[in-house]
Amino acid sequence: GGDDEAAGAGGEASSIRLGYFPNITHTPALIGVNKGYFQTALGTTKLETKTFNAGPAAIEALFSGAIDATYIGPNPAINGWAQSKGTGLKIIAGSTSGGAGLVVKEGITSPADLKGKKIATPQLGNTQDVALRAWLKENGLNADQQGGGDVSVLPQDNATALQAFAQGAIDGAWVPEPNLSRLVLESKGKVLVNEKDLWPSGLFVTTHLIVTQEFLKKNPATVKKLLQGHLEALDYIEKNNAEAQTAANAQLKALSGKPLKDDVLAASFKNLTFTADPVASSLYTSAKHAEDVGLLKPVDLKGIYDLGPLNEQLKAAGKPEVSDAAA
Amino acid sequence: MSLLDQKTEAVVRLESVSKSYGDLLALDRVSLTVRQGEFVCLLGASGCGKSTLLSLVAGLDGITGGTLDIGGRKVSLMFQEAALFPWLSVRGNVELPLRLQGVSRPERRKRAEELLDIVRLRDFGDKRPHELSGGMRQRVALARALAQDADILLMDEPFGALDAMTRDILHDELERIWREQDLTVLFVTHNVREAVRLGDRVILLSSRPGRVIEDYPIAHERPRRIDSPEVSGQAAEITDRLRAEVARHAH
Amino acid sequence: MSLLDQKTEAVVRLESVSKSYGDLLALDRVSLTVRQGEFVCLLGASGCGKSTLLSLVAGLDGITGGTLDIGGRKVSLMFQEAALFPWLSVRGNVELPLRLQGVSRPERRKRAEELLDIVRLRDFGDKRPHELSGGMRQRVALARALAQDADILLMDEPFGALDAMTRDILHDELERIWREQDLTVLFVTHNVREAVRLGDRVILLSSRPGRVIEDYPIAHERPRRIDSPEVSGQAAEITDRLRAEVARHAH
Amino acid sequence: MPIKYPSARAGLDGASGDTTAPVADKPGVNPESAEVAGLDALELGPRRDKGALGKRVWRSAWPKFLAIAIVLLIWQIAVWSEWKPIYVLPSPATVFTDLGNVITTGDFWDGVRVTMTRAFTGFLLAVVIGTVIGALVSQFAPLRAAIGSLITGLQTMPSIMWFPLAILLFQLSESAILFVVVLGAAPSVANGLISGIDYVPRTWLRVGQVLGMRGFAKYRHLILPASLPSFISGLKQGWAFSWRSLMAGELLVIVPGALSIGVRMQQARDLSDSSLVICYIIVVLVIGILIDVLFNAADNQLRKRWGLLS
Amino acid sequence: MPIKYPSARAGLDGASGDTTAPVADKPGVNPESAEVAGLDALELGPRRDKGALGKRVWRSAWPKFLAIAIVLLIWQIAVWSEWKPIYVLPSPATVFTDLGNVITTGDFWDGVRVTMTRAFTGFLLAVVIGTVIGALVSQFAPLRAAIGSLITGLQTMPSIMWFPLAILLFQLSESAILFVVVLGAAPSVANGLISGIDYVPRTWLRVGQVLGMRGFAKYRHLILPASLPSFISGLKQGWAFSWRSLMAGELLVIVPGALSIGVRMQQARDLSDSSLVICYIIVVLVIGILIDVLFNAADNQLRKRWGLLS
Ligand SMILES: Nc1ncnc2c1ncn2[C@@H]1O[C@H](COP(=O)(O)OP(=O)(O)OP(=O)(O)O)[C@@H](O)[C@H]1O
Ligand SMILES: Nc1ncnc2c1ncn2[C@@H]1O[C@H](COP(=O)(O)OP(=O)(O)OP(=O)(O)O)[C@@H](O)[C@H]1O
Ligand SMILES: [Mg+2]
Ligand SMILES: [Mg+2]
């Protein structure tokens with residue numbers, strides 16, 4: 001693993017343990033594993049993958065030294081950064097952008113219609129939750145953390161939210177893909193807000209890749225190779241979109257037994273953008289919003305990114321470099 | 001046995017009653033009639049089926065063959081082991097049958113005190129069963145059985161764990177209650193003198209499988225004394241018969 | 001009591017032993033010496049503290065006052081209730097003490113058969129305790145107590161639930177075993193004749209709180225018969241004394 | 001008869017516990033009646049409670065303190081050894097500071113109130129339902145054959161699997177949470193009762209039959225008291241199940257108002273705040289221990305009555 | 001002595017169960033010894049098992065079928081009434097088709113194998129640990145004072161709260177899952193044992209003391225058998241806890257290859273596939289019921305031995 005004894009010459013580890021979720025927003029990881037890009041790039045370094053169902057468990061595993069790197073959403077990354085006082089992890093690349101929004105019941109057409117309604121978000125204080133609250137505030141509606149206010153915001157896990165929506169127990173949900181598409185396709189929900197439209201360039205971070213600082217320091221060469229595999233996976237998705245869908249779904253099936261339905265898969269892919277750009281500005285803005293609504297203690301995110309290795313790889317491949325600047 | 005003279009009503013009637021536990025035959029065609037107000041004592045070797053007979057009469061077990069009829073009368077059984085309920089105080093145990101009969105609380109209390117008085121445990125009402133000696137527990141069980149106010153009283157070695165003196169006292173008390181309430185009593189004991197002291201009839205059961213082998217009518221005048229020559233004499237006679245019976249099986 | 005002649009060793013020595021349960025004084029300054037090989041019978045009213053005395057000697061309860069010394073000898077106690085273990089067969093119950101002594105399986109089996117033979121339950125080894133009658137259970141408990149191979153045998157009304165004949169047989173057996181193994185026996189009973197039949201001495205306890213009030217040496221030649229005139233005579237004498245004692249308290 | 005000495009002295013002897021025997025003044029004098037009459041009254045009131053109480057409290061307290069001290073020590077040593085980074089394994093000091101901050105907010109106590117209300121309501125419901133089901137199942141052979149084994153089956157079902165059904169039946173309401181709690185706890189209660197009933201000694205059942213107990217009276221006066229030990233143990237397990245189910249069930253719906261303990265625990269995890277996670281672990285343990293103390297009090301009471309505790 | 005009639009007929013009588021009394025040929029003749037000797041051998045072999053066995057199976061089967069039929073009927077009626085959309089409440093037919101598809105894949109059985117292996121390993125570990133802890137706690141008063149109540153406290157802790165600790169101690173491994181399972185189940189086992197030990201009748205303890213039982217022998221020959229009923233009931237509860245913990249714990253780490261039941265359940269939920277969710281509810285119920293059948297067999301065996309079941 002990424003233990004001391006594994007740190008070889010030239011900053012190469014004998015193995016790397018990579019985490020990701022069996023989730024469509026983690027497509028680059030799914031492809032990279034499915035197509036073997038990571039292992040090819042890593043060469044003699046052994047790749048061990050672990051899958052998680054939720055961010056907190058991935059962070060727990062990362063901090064406990066059970067994994068070295070993981071794909072993860074922006075929220076757990078910020079929390080992990082804050083809890084470890086900026087010593088636990090670094091974001092080294094973007095992976096996925098977009099693919100979230102507010103789906104509501106038939107009959108709700110404007111923000112004003114949401115008054116007195118119940119809207120689910122995946123978890124208090126996560127990106128979608130913050131996005132919803134910020135959006136509500138912009139539209140003159142308030143919602144408190146205990147589920148009260150003009151709009152009742154209810155943190156619920158995705159499965160519960162989907163069921164509750166299907167049965168009419170909630171009026172809407174601000175969720176990421178593939179649940180967005182499933183609410184639309186399976187439960188006849190309507191997209192009231194596509195979060196894409198709220199961001200300047202239409203891009204906002206959904207998934208990125210993080211490593212422990214310790215691993216990054218000890219094994220920079222391995223990290224570079226990991227990034228190489230990551231970029232190759234992204235390349236493949238860009239060039240072979242249809243095959244990428246199939247491959248991602250095959251990996252999902254291998255991990256979870258059941259693939260996504262084709263229409264959901266296609267709709268989700270349409271909403272998602274796979275890019276190495278971590279869209280740093282959206283992370284900062286989102287964190288700012290979270291602080292504004294009191295869901296995050298003020299946290300200094302300076303230094304959370306280490307895009308050096310990524311940019312080296314991008315430069316080598318002749319692609320534009322990315323930036324961790326706020327705007 | 002020619003007890004078919006129907007001067008009083010037959011209260012318990014067994015005709016060729018058999019009982020087997022699996023393959024073990026405990027009672028073999030026992031026929032026995034107990035009339036209203038009779039005090040019948042049962043004697044027999046250990047394991048010959050006396051307790052089994054009582055449990056059949058009480059309806060606790062089903063008979064394997066024959067007919068048994070008690071005419072739907074209320075039966076009270078005092079078990080061989082005291083079998084008190086540990087979660088109730090002594091008084092609670094005695095009051096329980098009264099409670100089940102729906103007797104009011106003060107009335108219940110009064111009756112229980114009386115009964116505890118009879119068994120000489122007036123001061124132990126608030127104790128719990130585990131705080132009593134073996135003989136005391138047996139007496140509480142007696143009080144509980146008496147509290148039931150049944151027509152037929154079945155008693156399985158009720159005084160086995162008592163000293164001679166306490167036994168004498170309770171003999172008198174039991175006789176008085178039996179008289180006053182016109183009870184029908186079926187009384188199991190190993191003490192032949194006790195049987196002769198108390199019974200109108202003494203029934204001898206054979207060794208397993210139990211069968212009725214003798215039926216002694218006891219004709220002495222009451223009140224009797226356990227150490228009177230009449231009682232001793234007849235007891236000696238019955239004891240000899242019993243010994244002969246048990247000896248036949250002792251290989 | 002002037003039994004301080006040390007011709008044989010004192011095996012059980014109680015000096016002013018008292019025992020109280022909470023505020024209830026069960027034994028009051030009991031002094032008693034039992035010598036090696038002696039057969040001592042205890043008589044007393046129900047609830048006078050006989051079982052308590054045995055449990056103190058067996059070390060099951062702590063004394064409240066006085067001194068008690070059994071010189072670290074092995075004690076076996078046969079309880080007033082059979083207290084067999086329901087999860088073991090009859091044979092298993094009898095074998096248990098042997099098992100605890102580390103006796104080998106075939107040896108154990110043999111000993112258990114012998115003991116069951118002694119208590120006349122040879123054919124019931126495979127039964128479970130709940131399939132036995134009250135008297136049979138008591139006999140199993142006796143066999144279990146004998147299996148313990150102790151120096152001091154404490155017996156709490158061991159034959160209370162047995163018919164006269166079975167009792168006689170077991171008297172003989174017990175006497176034989178006591179002789180052969182040179183046991184020291186402390187025997188509680190309510191049957192005065194039984195006490196005279198078996199004992200070297202008969203100790204009379206007063207009513208609660210128990211105190212030693214008489215100590216009768218029994219000098220008749222062994223073997224004795226329970227219905228012999230000597231036994232009857234002395235039993236009558238002791239019974240009278242006992243009645244007087246119990247009557248004093250019967251208000 | 002001189003009646004005063006023995007009873008008075010018997011009390012003293014108990015207190016001092018010395019080895020001299022209590023003596024009646026004149027041998028042969030019978031203090032029985034007075035003593036017995038006197039002691040019943042005595043036993044009702046608390047006796048020798050001054051020094052003994054302090055001693056008893058101390059006897060039950062020191063092992064707890066020692067255990068806590070040992071745990072804290074090991075924990076602190078693990079922290080000192082820098083086995084894991086401080087943000088993964090925070091020091092006891094950090095955690096207790098955090099805990100202090102948490103429990104001094106009124107909000108927290110509101111949450112505790114909300115959660116405890118749900119826990120007790122759900123548990124009581126579960127006890128009622130479980131008792132009825134347990135009694136019926138143990139009474140009717142066909143019912144036992146039909147659903148006896150289902151009870152354990154239901155017990156093994158993770159609470160979250162009931163969410164769809166809960167939402168289906170109760171939408172997102174308090175009732176949905178209670179539904180999950182009841183489904184979690186009732187089987188335990190029922191199983192405890194069934195096991196207790198199955199092991200009621202046959203003699204007692206026969207006594208009951210002779211006393212003419214039928215139907216409800218039989219349950220009231222015989223079956224329930226006789227199976228109480230097992231029932232209480234079932235209740236204890238049922239409580240644990242109901243609490244666990246509640247912690248999951250509270251995530252089902254957030255009723256506007258105070259944040260329940262279940263939600264707070266989840267949030268502590270979501271924030272990857274190990275110190276806060278440990279805080280809530282401690283909170284849940286303390287609540288569990290307090291409830292256990294209640295159960296134990298009931299249990300000891302019972303054992304004392306049954307003569308199993310001296 | 002004529003020895004053949006009584007024992008031969010006794011067997012016949014048992015089989016025919018008629019109401020005529022078995023009679024010895026000549027009154028006064030004693031068939032005791034032969035009969036008793038004969039019956040011991042007889043009782044070892046199964047008796048009257050032909051017709052009776054079929055009858056017994058049927059007696060325990062029809063209520064089950066009836067119960068299932070009733071549930072299916074209510075369900076189908078709910079579906080027919082179109083109370084909820086079909087994708088929320090699928091029809092039994094859909095579910096059973098799905099179930100058929102699921103259980104005919106080898107993959108599913110691999111998953112069952114993985115999960116059952118974990119369940120049994122974890123449970124066995126929990127039993128060993130729980131038994132040792134239970135025995136120690138019930139034996140040593142200070143230990144009980146120290147951690148007795150903690151046992152229930154631990155029981156109430158939701159499994160997910162142990163995840164951080166599990167990962168910390170065991171990384172992402174099978175051991176981490178087992179850790180969660182053991183923490184879930186061991187307290188139940190311990191509590192069952194403690195409650196059993198606490199209620200061992202005092203007389204038996206005294207018998208044990210007189211027989212000179214000490215230490216391990218006392219546990220082996222007295223305490224364990226005497227507390228077995230409560231212990232088994234604790235095991236049953238422990239199994240339920242361990243299974244629930246396992247369902248949560250399996251989400252901790254997904255070992256590539258066969259998908260465990262816990263993961264499959266979660267995924268069925270994640271996919272909002274109600275039919276699949278119900279499939280897995282059925283699977284878990286069936287497993288739970290099968291395990292309960294095992295426990296019941298043990299329990300009935302025990303009750304028969306104790307003379308509580310005729
Ligand atoms: N539940 C049972 N199962 C099997 N056999 C039994 C059962 N109860 C009693 N027996 C057997 O039936 C026979 C008669 O038993 P019972 O208890 O009636 O004897 P008893 O006359 O009361 O003896 P005792 O004087 O020793 O109490 C015994 O051989 C006993 O083993
Ligand atoms: N565990 C106990 N707790 C409280 N009191 C007890 C306890 N055991 C016995 N006693 C009391 O001690 C006294 C003596 O009891 P013990 O059992 O020794 O009498 P006993 O002589 O054996 O009587 P019996 O002949 O009836 O068996 C009784 O009054 C009884 O109530
Ligand atoms: Mg009997
Ligand atoms: Mg006694």
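Lettering of chains follows the sequences in order, A, B, ..., and the numbering in each one begins at 1.
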Value rounded to 0.5 Å, distance of CZ in B/Arg243 from CG in C/Asp227: 5.5 Å
Proximity of residues 40-54 of chain C to chain B, residues having a non-hydrogen atom under 4.5 angstrom: C/Gly44, C/Ala45, C/Ser46, C/Gly47
Residue-level interface, residues 187-199 of chain C with chain B, non-hydrogen cut-off under 4.5 Å: C/His190, C/Arg193
Name the region of B/Arg139, side chain, backbone, both or neither, that has any atom closer than 4.5 Å to a heavy atom of chain C. side chain
Look up atom CG in B/Leu205 and atom CG in C/Asp163, then write down how far apart they are to the nearest 0.5 Å. 11.5 Å
Chain B contacts, top residue of C/Ala82, C/Ala26, C/Ala161 (heavy-atom pairs, under 4.5 Å): C/Ala161
Below 4.5 Å from any heavy atom of chain B, which atoms of C/Asp168 appear? Answer side chain, backbone, both or neither. side chain
What's the verdict on side chain to side chain contact (heavy atoms under 4.5 Å, CB included) for B/Leu24 and C/Lys127, showing C-alpha distance, side-chain angles and the deciding distance? CA-CA 11 Å; B/Leu24 186 138; C/Lys127 297 261 168 190; 4.0 Å; yes
